[in-house]
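Before any comments, here is the structure.
The first residue of the sequence shown is numbered 1, and numbering continues consecutively from there.
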Amino acid sequence: MLQAHIDRKADVTIAVRPVPWEVAPSFGIMNVDENDAIIEFEEKPAKPKSNLASMGVYIFTWEIMKKYLTEDNADPKSKNDFGKNIIPNLLNDKKALYAYAFTDYWKDVGTIASLWEANMDLLKVPPEFDLTDPRWKIYSRTPVMPPHYIAAGAVVTNSMITEGCDIRGTVSDSVLFAGVRVCEGAVVEDSVIMPGTTIESGAVVKRCIVAENCVVSKDCKVGEADGDIALIGQGTTLPEGYVVKAGIQADTDSINGKEGA
């Protein structure tokens with residue numbers, strides 16, 4: 001992509017990827033000519049003219065970036081947004097904007113379903129997105145926690161278990177972030193469990209994203225083997241025996257209002 005930017009003497013190069021037409025209205029859409037020069041940008045159009053979605057990955061020539069960011073910052077009416085302000089201003093000024101077709105792995109994780117799918121992609125053999133590829137490394141802030149512990153009698157299959165996890169129940173086809181506890185007799189399947197969450201004895205979690213610092217109490221039933229992804233909001237404690245059906249989003253407010261079950 002960088003080489004293409006240099007070869008074209010571009011002011012800006014924007015990574016794009018074709019998306020299904022039915023979801024194109026959810027993206028910023030780039031319309032291009034036969035040379036991949038961008039001639040129009042549509043922000044989440046109701047009736048898109050193409051299905052080339054911006055990936056939100058840009059290469060700017062430095063002088064251009066400095067000029068347009070400075071001008072945008074001085075405009076009190078600006079939303080200070082690349083898609084809404086910077087790119088349209090560049091197009092209006094006839095700058096050289098080009099699309100770069102990216103063909104490797106990419107997924108927008110702006111929805112519950114796509115976030116769940118991206119995590120499940122890590123569990124495929126071979127994975128669609130390999131975190132252990134030695135050719136390029138991902139640097140991130142990780143908590144200082146002890147190694148994960150899997151107790152005698154626990155069952156873990158095809159899952160990613162992060163440091164600080166304590167597994168005493170059954171985990172299959174799931175991604176567990178740091179510090180997750182799965183108690184004896186609990187079952188986690190096809191789910192993403194965020195940091196600091198506890199799944200208590202007898203609880204069953206299927207096809208679900210459970211956010212940070214939640215407690216799924218004893219004998220809760222969260223999600224279903226089929227259907228849409230269930231979601232438990234950050235910091236939520238489900239009462240003992242609570243039921244969250246497929247596709248339902250449960251949090252502290254909905255529980256107090258007796259919604260979502």
Hydrophobic cluster identity match, I6 and Y100, side-chain contacts under 4.5 Å: yes
Donor + acceptor pair across side chains of S78, D72 (<3.5 Å): yes
T13 side chain near V57 side chain, heavy-atom distance below 4.5 Å: no
Check: D251 side chain, D253 main-chain N or O, donor-acceptor pair, under 3.5 Å: yes
Side chain E200, main chain K218, donor-acceptor under 3.5 Å: yes
Within 6.0 Å of CH2 in W21, more than 12 heavy atoms from elsewhere: yes
Donor-acceptor contact below 3.5 Å, side chain N35 vs main chain A37: no
Test side chain to side chain contact (heavy atoms under 4.5 Å, CB included) applied to V216 and V205, step by step: CA-CA 9 Å; V216 179; V205 177; 4.2 Å; yes
Ion pair R207/E224, N-O distance below 4.0 Å: no
D226 CG: over 12 foreign heavy atoms closer than 6.0 Å: no
Charged N-O contact under 4.0 Å between E63 and K67: no
Close side-chain approach of L97 and L91, heavy atoms under 4.5 Å: yes
Residue pair I29 / F41, side-chain heavy-atom distance below 4.5 Å: no
Side-chain heavy atoms of F102 within contact of V16, under 4.5 Å: no
Exercise: do N80 and N85 side chains pair donor with acceptor under 3.5 Å: no
Salt bridge (Lys or Arg N to Asp or Glu O under 4.0 Å) partners of residues 132-147, not counting sequence neighbours, each pair once: D133-R135
Any donor-acceptor N or O pair under 3.5 Å, side chains N73, T70: no
Any donor-acceptor N/O pair, R17 side chain to D104 backbone, under 3.5 Å: yes
E40 atom CD: more than 12 heavy-atom contacts under 6.0 Å: yes
Backbone of E189 reached by a side-chain donor or acceptor of D173 within 3.5 Å: no
K84 bridged to E43 by N-O distance under 4.0 Å: no
Heavy-atom neighbours of K221 NZ exceed 12 at 6.0 Å: yes
Enclosure of K107 NZ (heavy-atom neighbours >12, cutoff 6.0 Å): yes
Side chain to side chain, V171 and I161, heavy atoms closer than 4.5 Å: yes
Between E42 and N31: side-chain donor-acceptor atoms closer than 3.5 Å: yes
Test applied, ring-ring contact (aromatic ring centres under 6.0 Å, His included); reference residue, F60; option that passes from Y68, F82, Y98: F82
L176 backbone acceptor or donor facing T162 side chain under 3.5 Å: yes
N/O donor-acceptor pair under 3.5 Å between S174 side chain and S159 backbone: no
Member of T237, L238, I232 meeting the side-chain contact (heavy atoms from CB on, under 4.5 Å) criterion with V215: T237
Hydrophobic cluster (4.5 angstrom, side-chain heavy atoms) - remaining members for Y105: V109, I112, L115, W116, M120, L122, L123, F129, L131, W136, I138, M160, V175, F177, V192, M194, I209, I229, L231
Test item: T61 side-chain N/O and A10 main-chain N/O as donor-acceptor pair under 3.5 Å: yes
Backbone N/O of C214 and side chain of T236: donor-acceptor pair under 3.5 Å: no
Heavy-atom donor-acceptor pair, S191 side chain to V210 backbone, under 3.5 Å: no
